[in-house]
Amino acid sequence: METQSGKGPHFIEQIIMDDLKNGVVKEVHTRFPPEPNGYLHIGHAKSICLNFGLAEQFGGKCNLRFDDTNPAKEETEYVESIMRDVQWLGFRWHTLRFASDYFQQFYEWALELIHAGKAYVDHQTPDEIRETRGTLTAPGVESPYRNRSVEENLALFQQMKDGVLEDGTCVLRAKIDMNHPNINMRDPVLYRILHRHHFRTGDAWCIYPMYDFAHGYEDAIEGITHSICTLEFEDHRPLYEWFLDNVSVPCTPRQFEFARLNLTYTVMSKRLLLELVNRKIVSGWDDPRMPTISGIRRRGYTPSALRRFCAEIGVSKSNSMVDIEFLQFIIREELNATSLRAMAVLDPLKVVVENYPEGQVEMLDAENNPEDPNAGTRQIPFSRELYIEREDFMENPPKKFFRLSPGSEVRLKHAYFITCKEVVRNDDGEIVELRCEYDPLTRGGEAPDGRRVKGTLHWVSVPHAVKAQVRLYENLFTLRDMSEMEEGKSYNDYLNPESLTVLENCFVEPALAAAKPLDRFQFLRQGYFCADADSTPERPVFNRTVALKDSWAKMQQKGQAD
Ligand code: ATP
Ligand code: MG
């Protein structure tokens, strides 16, 4: 069997292999259970790859289940974005489920617990319930309502359901053990009153189940064999099992926990991401700086790169922080192999080739991708007036500057050698133009006399170039580990003011005007870019996915040297 990492099986793969071998399960059935209260982030991608991946590997099934038990925060927009993101990642669900479809069944199981004397209606306030929970070292205190009769509890629960009680009047609690060493087992709340319109069930219900109570039952209804969640639920597992053990469920799923994904320089919580959107710190959930799947997609990442990233970081039981540079390394490797090359000048400086005939245009052959012999070639126009990158010229260069300077000769990629003859300034003393000469014998970039140049520059032809907007992105936050914010500070204090740079005056080769959103390119010597959703043929817009420079390899070398 193929493992997700391509190496040895991770601990969940091992558990499933053993379960299948020992006949504990016949077929693997997993689920991905997002709450539709926001857009998915890259942490969710890890869970998606794990759950859907296991079903694929072991010939089983994986459901997409919306855990829509809290009407206060959930919306159809989120449901749709989640479905889109899962599909974009390349996965197909076996069935699409909504926890809200099980509300009646949950209710009946709650009745079953009441009948068995295992649940009671508590009229304490939420504060009282919290305060009487106890601590790790002190036991909890039993509620004065704990020993109500079954009849009384049934009648009160009926009132809760009938809508005659206001929000917060009372709750239904499990009757387990207020002295339990695990605080989660100290009579957890099962149901609360909430007079809120639910986006699917409307006003049919005014009591809503709590996550711990509902989740195992959702799994049981769907026949889930391996219910996989993140480590913070490890302490909830005894409760998960208690709920399943104390009513007549059709099957008994088991819960397994793995470490969540944390990435440097970002936050991975829907609540915080929603705040960034609402406060307009970003342009929306799909802002290319967001760690959301939709943001990462708009930034130019591919589904295969995200899947490879999730496979490479692995699945384990210890929490860790993954360097954002590793994600960038993965996409850079893929785009190096697959993306078409193009020339784009982000900060233009005009070059006039004085000995090139005025009005002449010639088409030059340019390879589309030197890494891919099948990618073919394209034709790019060359003329007397060109743009080069302003930083590729220095009037008084230091010793090892191999680009253009007065009197020096460089190669224009796919074109000719040029030599700088004269620098033209405006009244403010700014350099506005370079007068150069080309050597007609160097067409294609080689000199017949074997003369060499050290620098090769990218360029575009002025009359043919298309003006474009280019957006450069940096990390949204300045703190490497956002869980280590200083006391009294909030994420606001760590927003990176330079996370977005918009360049309005860029020029790209003419073919790029036809780029459609998500078309990907390597801009030679600049990095990997993709056309943005805002792009039009009149005004192309490109997002920088990632720069060319491999900071991950550097970090690795440094790590080894330390
Ligand atoms: P958030 O705190 O961002 O809202 P959540 O856990 O509340 O995340 P859910 O919609 O409940 O979000 O999550 C759906 C699934 O995705 C769960 O099984 C959860 O464990 C998993 N998941 C969420 N965040 C991560 C993460 N950072 N790494 C791995 N899995 C995650
Ligand atoms: Mg959640």
Side-chain angles (χ1 to χ4, degrees), residues 32 34 36 38-53 64 77-93 261 263 265-270 272-274 276-277 281-313 322 324-340 469-476 499-500 502 512 515-523 527-536 540-547:
F32 172 64
Y39 281 58
L40 297 181
H41 51 63
I42 186 167
H44 294 112
K46 178 175 178 180
S47 178
I48 293 169
C49 290
L50 177 58
N51 281 295
F52 283 92
L64 173 60
E77 178 194 345
Y78 298 140
V79 168
E80 287 166 358
S81 75
I82 290 170
M83 289 168 63
R84 192 161 56 231
D85 287 349
V86 171
Q87 286 173 318
W88 178 75
L89 274 174
F91 296 107
R92 300 290 168 262
W93 44 87
L261 167 65
L263 260 190
Y265 298 105
T266 192
V267 291
M268 211 82 89
S269 135
K270 279 182 277 184
L272 278 182
L273 297 176
L274 176 63
L276 296 177
V277 173
I281 290 169
V282 294
S283 64
W285 285 100
D286 67 347
D287 186 300
R289 291 167 291 175
M290 291 279 270
T292 51
I293 295 180
S294 49
I296 290 172
R297 169 168 63 231
R298 187 166 178 180
R299 176 89 169 245
Y301 278 73
T302 59
S304 51
L306 278 195
R307 288 202 306 269
R308 181 169 160 223
F309 171 74
C310 291
E312 298 259 341
I313 57 176
V322 176
I324 185 86
E325 290 82 1
F326 182 58
L327 178 63
Q328 295 166 350
F329 165 80
I330 300 264
I331 187 66
R332 193 182 290 115
E333 265 208 348
E334 181 178 312
L335 293 178
N336 179 44
T338 59
S339 66
L340 299 181
Q469 187 193 75
V470 170
R471 302 174 183 170
L472 307 179
Y473 303 100
E474 296 294 338
N475 297 328
L476 205 41
S499 60
L500 170 64
V502 179
L512 264 58
K516 289 185 291 303
L518 293 190
D519 280 354
R520 300 179 177 88
F521 304 93
Q522 184 200 86
F523 288 175
Y528 297 96
F529 291 75
C530 80
D532 187 73
D534 294 341
S535 201
T536 63
V541 178
F542 294 95
N543 294 319
R544 183 169 71 192
T545 310
V546 67

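Residue indices begin at 1 and follow the sequence shown.
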Side chain to side chain contact (heavy atoms under 4.5 Å, CB included) between V322 and L327, intermediate numbers included: CA-CA 9 Å; V322 176; L327 178 63; over 6 Å; no

So, for [X] and [Y], which heavy atoms are closest and what is the spacing to 0.1 Å?
X    : Y    : answer
I42  : L261 : O-CD2, 3.6 Å
P291 : M268 : CB-SD, 4.4 Å
I296 : M290 : CG1-O, 3.9 Å
G300 : T545 : CA-OG1, 3.6 Å
P288 : Y473 : CG-OH, 3.4 Å
S81  : G38  : OG-O, 4.5 Å

Do [X] and [Y] come close enough that some side-chain heavy atom pair is under 4.5 Å?
X    : Y    : value
L276 : D287 : no
R544 : E474 : yes
H44  : K270 : yes

Flag, side chain of T292 to backbone of W285, donor-acceptor distance under 3.5 Å: yes

Ring geometry between F32 and F52 (parallel below 30°, tilted from 30 to 60°, perpendicular above 60°): tilted

Whether F529 and F523 hold their rings parallel, tilted or perpendicular, with breakpoints at 30° and 60°: parallel

Rounded distance (nearest 0.5 Å) linking atom [atom1] of [X] with atom [atom2] of [Y]:
X    : Y    : atom1 : atom2 : result
L340 : L335 : CG    : CG    : 11.0 Å
T302 : R307 : OG1   : CZ    : 8.0 Å
E312 : F329 : CD    : CZ    : 8.0 Å
R308 : I331 : CZ    : CD1   : 10.0 Å
F521 : F542 : CZ    : CZ    : 5.5 Å
L263 : K46  : CG    : NZ    : 10.5 Å

D85 and Y39: side chain donor to acceptor below 3.5 Å: no

From CA spacing to verdict: side chain to side chain donor-acceptor pair (under 3.5 Å), Y301, E334: CA-CA 10 Å; Y301 278 73; E334 181 178 312; over 6 Å; no

Carboxylate-amine/guanidinium proximity below 4.0 Å for E325 and R332: no

Working for side chain to side chain contact (heavy atoms under 4.5 Å, CB included), residues R92 and Q87: CA-CA 6 Å; R92 300 290 168 262; Q87 286 173 318; 3.6 Å; yes

Verdict with supporting geometry, R297 and D286, side chain to side chain contact (heavy atoms under 4.5 Å, CB included): CA-CA 8 Å; R297 169 168 63 231; D286 67 347; over 6 Å; no

Check against side chain to side chain contact (heavy atoms under 4.5 Å, CB included), Y528 and N336: CA-CA 8 Å; Y528 297 96; N336 179 44; 3.2 Å; yes

